[in-house]
Amino acid sequence: MDVINSNIARAHGVVLSMQGGRPENQDDYAALDTPLGLLVIICDGMGGGPGGKTASFIAKNVIARTIYECGPNAKRDYAFRLAAEKAHEALLQQMQLMPNLNGMGSTFVAALISPHSIVVAHCGDSRCYLLRGKKIAYRSEDHSLVNDLVKNKTLTREQARLSPQSNIITRGLGNTSCQVPEIDEIPYRKGDRLVLCTDGVWGVMPEEDLIKRLTRKVDLTTLINNLAYQIDQIGPQSKDGHHDNHTQAILLMDDNSELKPKALVPWLRFYLFIMLFFGIATGEAQTVVWQLPLSNYDEIARIYPNLYRVSRNGKIGLINADGTVVAPIEIDAIGDFYEHKALATASDGQGERVMGVLTDDGHYYGFSNKYYTLKGLKFYSDYVLPVSDANGALGYIDIHGNAVTGFAEKYTKIKPFAEGYAVVFKGNDFSLIDKSGVPVKFKFKNVAEAYGATNVFEGKAYVWDTNGKFYTYDTNSGGYCEKAKEPKNASQLDYLYRCSSVSGLGKDVPFVKAAIESSADKMPIEERGLYGYTFGSQVVLPAQLQSATGFDEDCAVVGMNGKLGILKYVDGASFALRQNETEPRNFYDGDAMDCSFALSVPTAWQSKGVEVVIRDANGTSPALSQDGATYMFTLSPTETSTSDYALTVMGDGLKLYQDKLSYSFVKKFKCPICGRDTNVCPGHPVETDQPQQEELCPTCGKPINECKFQGEH
């Protein structure tokens, strides 16, 4: 690993190149200050054999030298085109001089970082990312056959990554049809991470997983070492059974660039304002769905992104957020981490069986074979774990639970591996073995019989003879043991030396507690002892939960009806209600009034289906009919009144949305003679709901129809 510092750029970083599962490393890289800014370049050789390694070496050197020799006033895009052209010509010339190199070529990705901006150039499928927070602010486009299929929507990005044709490059240096680099200029912000990498990095895992690893809140040295380790663990499981060389440069931007993001044009600003005002697909409107429906687990606890510990009846298991079982519920305990790994164990009457191993990036490897822990050695060291098998034989297993060495050798005692070696005993006889089980042949001059040895630390093992004299054995150079004094400052020795007479150290393993990163920023609210979610002014889920966590990685663990489940937060359009009839409506006695409202349903729920119910103050629910997004029902009012309804939307047992509807009605009357509304009738008797007063004769007081003078005495 090399550290990247600059006197020019507002950035610092690290770069690391690993051989992976290939016979040699055909990647190459360089980082240096130039008149045009800090140059970081990564090349991935093509052509196999000596060709790939030679091609990346030549391409790196020519590009770096060309950029370095440019004057400070040269345009950076011109400098990159010139450098690519010269590197391409240099590869062609080398192939003419050495025919055995015919067919070689190289991809490259490079960045020139100045206070003004970053200029990125690339040919092929070596990539550049600019990461802001946990999101991708910039990503270079691969020059490959499968990426062309992605752009025309024939393949998804993940299908392209896994395709057997993913190695077909359409642009590169040397033996390619096109060597013109694609060039972009991008602004940056303080805290951004710039990542340059070969396909050996991004090709082993989904891009979502890679970005999560690259944006972890750890120092860059830890980040790049962990990433390289994780790639070497995942790589052998890739589509072709082995994994490529992998090279990555990660830089942290220490300030804002002078180049600012381009301002929005006026029409786009107006469009976004309208979108925000109406809450259309802006992130201001949201909903939730079940990621894991209510289950019978006694406990669900997030331990890593998309990985949850579950328990039932005192036993532990692991699941993904969608409920997929990662480890069955048969584990008694998961220990702390050492060298990024923790043991999952369970007692089966024969001993403490190793059920699997959990890595601190959230991967779990379950074991099918029976292996048991050894006292004081319950940790992986140097990628292997000391164990006993079902027959009590001692040996070592890898992270997948496969035997590495031992078991058949009848060891009576074994110690952890360190730097490729471990001390093992057969009775009183000891050996220092490598991972193939081959013992080191100690050579001495004029010494008594060798009596003991320590594990290897910084390339050396302490060996002492039966007279108590000490020697060191250098595993790098081999040969004879050199005389040495017993170490006085035990704190300088790695605790894995284990021999207290040499190190003075105890057997306490420096385990590390799981450091779970949390980004929960969408927290639940409580209403009358129940929990729901309201973000800003938007009610995402009405209060109904008995327990709830914040949304972390867009998932939250919730309790409801005595059960636990996992909710997933979904950005996008929320439920929205529009009442079609908002003004008071007139009716006559006996009229049936048609009422309607429109309900917008989020995309996440359209395929699942929802139940819509309205109830009046008495709890009565009118029958609803539906035509698309419009719901209809009929009312038969008898008097001037207002009918209020509470609307509830249910889905998968969740109360998803609540709102109110209100319909007002005004009773009108018709003339019994002409049939017109009484307000427009010319004067015919009015029929109302009130009893009519009978007309009396003003002289005799009798009803007019009984007065013989008909009221005119």
Side-chain angles (χ1 to χ4, degrees), residues 2-15 17 27-44 56 58-88 90 106-132 136-141 143 171-173 179-198 220 247-262:
D2 288 332
V3 176
I4 302 174
N5 288 311
S6 173
N7 296 319
I8 300 173
R10 300 168 177 175
H12 68 280
V14 289
V15 58
S17 186
D27 293 352
D28 212 332
Y29 66 85
L32 67 156
D33 276 339
T34 74
L36 300 178
L38 170 62
L39 172 66
V40 182
I41 177 172
I42 289 178
C43 296
D44 183 358
S56 63
I58 292 174
K60 174 207 68 174
N61 286 343
V62 174
I63 293 172
R65 183 174 64 249
T66 304
I67 299 295
Y68 186 80
E69 292 174 351
C70 286
N73 296 323
K75 292 184 177 181
R76 289 180 288 174
D77 58 346
Y78 166 79
F80 269 135
R81 290 189 182 92
L82 178 63
E85 181 180 345
K86 287 188 174 183
H88 180 68
S106 179
T107 71
F108 85 90
V109 59
L112 269 171
I113 308 166
S114 72
H116 181 263
S117 61
I118 302 171
V119 173
V120 177
H122 78 290
C123 274
D125 59 357
S126 291
R127 286 186 187 174
C128 176
Y129 292 93
L130 185 70
L131 305 176
R132 183 163 299 144
I136 299 175
Y138 166 83
R139 175 191 185 278
S140 60
E141 284 289 339
H143 302 134
R171 197 181 303 194
L173 305 176
Q179 67 280 353
V180 179
E182 183 174 343
I183 299 173
D184 297 303
E185 183 178 25
I186 54 176
Y188 57 85
R189 296 180 187 172
K190 183 177 181 180
D192 285 356
R193 288 181 178 176
L194 182 70
V195 179
L196 283 71
C197 62
T198 60
L220 297 185
T247 303
Q248 51 269 341
I250 307 175
L251 294 98
L252 181 67
M253 313 314 293
D254 298 323
D255 204 347
N256 295 333
S257 62
E258 296 167 0
L259 179 65
K260 304 300 179 186
K262 293 181 179 179

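Not measured: the values here are computed from a predicted model.
In this structure, Leu130 and Ile136 have side chains that are not in contact, with every pair of non-hydrogen atoms separated by 4.5 Å or more. Proximity of Glu182 to Arg171: side-chain heavy atoms (C-beta onward) are separated by under 4.5 Å at one or more points. Contact of the Ile250 side chain with the Tyr129 side chain is not registered, since no non-hydrogen atoms from C-beta on lie closer than 4.5 Å. In this structure, Leu194 and Val40 have side chains that are not in contact, with every pair of non-hydrogen atoms separated by 4.5 Å or more. Side-chain contact check for Leu38 versus Leu251: some heavy-atom pair is nearer than 4.5 Å. Looking at Pro35 and Cys70, their side chains never come closer than 4.5 Å, going by heavy atoms from C-beta outward. Within the 4.5 Å cutoff, the side chain of Pro181 has heavy atoms near those of the Phe108 side chain. Inter-residue side-chain proximity for Thr66 and Phe80 is flagged as unmet; no heavy-atom pair is nearer than 4.5 Å.
Checked by atom type and distance alone, the side chain of Thr247 never pairs as donor or acceptor with a backbone atom of Ser17 at under 3.5 Å. With hydrogens and angles disregarded, a donor-acceptor distance shorter than 3.5 Å links the side chain of Asn256 to the backbone of Lys190. In terms of modelled atom types and a separation under 3.5 Å, the side chain of Asp28 and the main chain of Lys60 share no donor-acceptor contact.
Minimum interatomic distance between Asp33 and Ser6 (heavy atoms only, all atoms of both residues): OD1-OG, 2.6 Å. Smallest separation of non-hydrogen atoms from Leu173 and Ala59: CD1-CB, 4.0 Å. What you find for Ile42 and Ala249 is that their closest heavy atoms are CD1-N, 3.8 Å. Residues Ala121 and Ile183 approach most closely at CB-CG1, 4.0 Å, considering heavy atoms.
Here Arg10 pairs with Glu258 under the salt bridge (Lys or Arg N to Asp or Glu O under 4.0 Å) rule; sequence neighbours left out. Residues satisfying the side-chain hydrogen bond (donor to acceptor under 3.5 Å, both in side chains) test with Asp44, not counting sequence neighbours, are none.
Atom-to-atom distance recorded for Arg189:CZ and Lys260:NZ is 9.5 Å, nearest 0.5 angstrom. Rounding to the nearest 0.5 angstrom, the gap separating the CD1 atom in Ile113 from the CG atom in Leu36 is 13.0 Å. Taken from CG in Leu196 to NE2 in His122, the straight-line distance is 10.5 Å, to the nearest 0.5 Å. Taking CG of Asn61 as the start and OH of Tyr68 as the end, the distance is 14.5 Å to the nearest 0.5 Å. Separation of atoms CD1 (Ile63) and CD1 (Ile58) is listed at 11.5 Å; rounding is to 0.5 Å. Atom-to-atom distance recorded for Asp254:CG and Tyr188:OH is 9.0 Å, nearest 0.5 angstrom.
Heavy atoms from other residues, nucleotides or ligands lying under 6.0 Å from OH of Tyr138 number more than 12. Other residues, nucleotides and ligands contribute more than 12 heavy atoms inside 6.0 Å of the CZ atom of Arg139.
Each of Ile8, Leu39, Val120, Asp77 was scored for a side-chain contact (heavy atoms from CB on, under 4.5 Å) with Leu112, with one residue passing: Leu39.
Applying the side chain to side chain donor-acceptor pair (under 3.5 Å) test to pairs two or more places apart or on separate chains, those with a residue in residues 108-118 are Arg76-Ser114, Arg76-Ser117, His116-Glu185, Ser117-Glu185.
For the residue pair Ser126 / Thr107, a side-chain donor-acceptor distance below 3.5 Å is found, with atom types taken as modelled.
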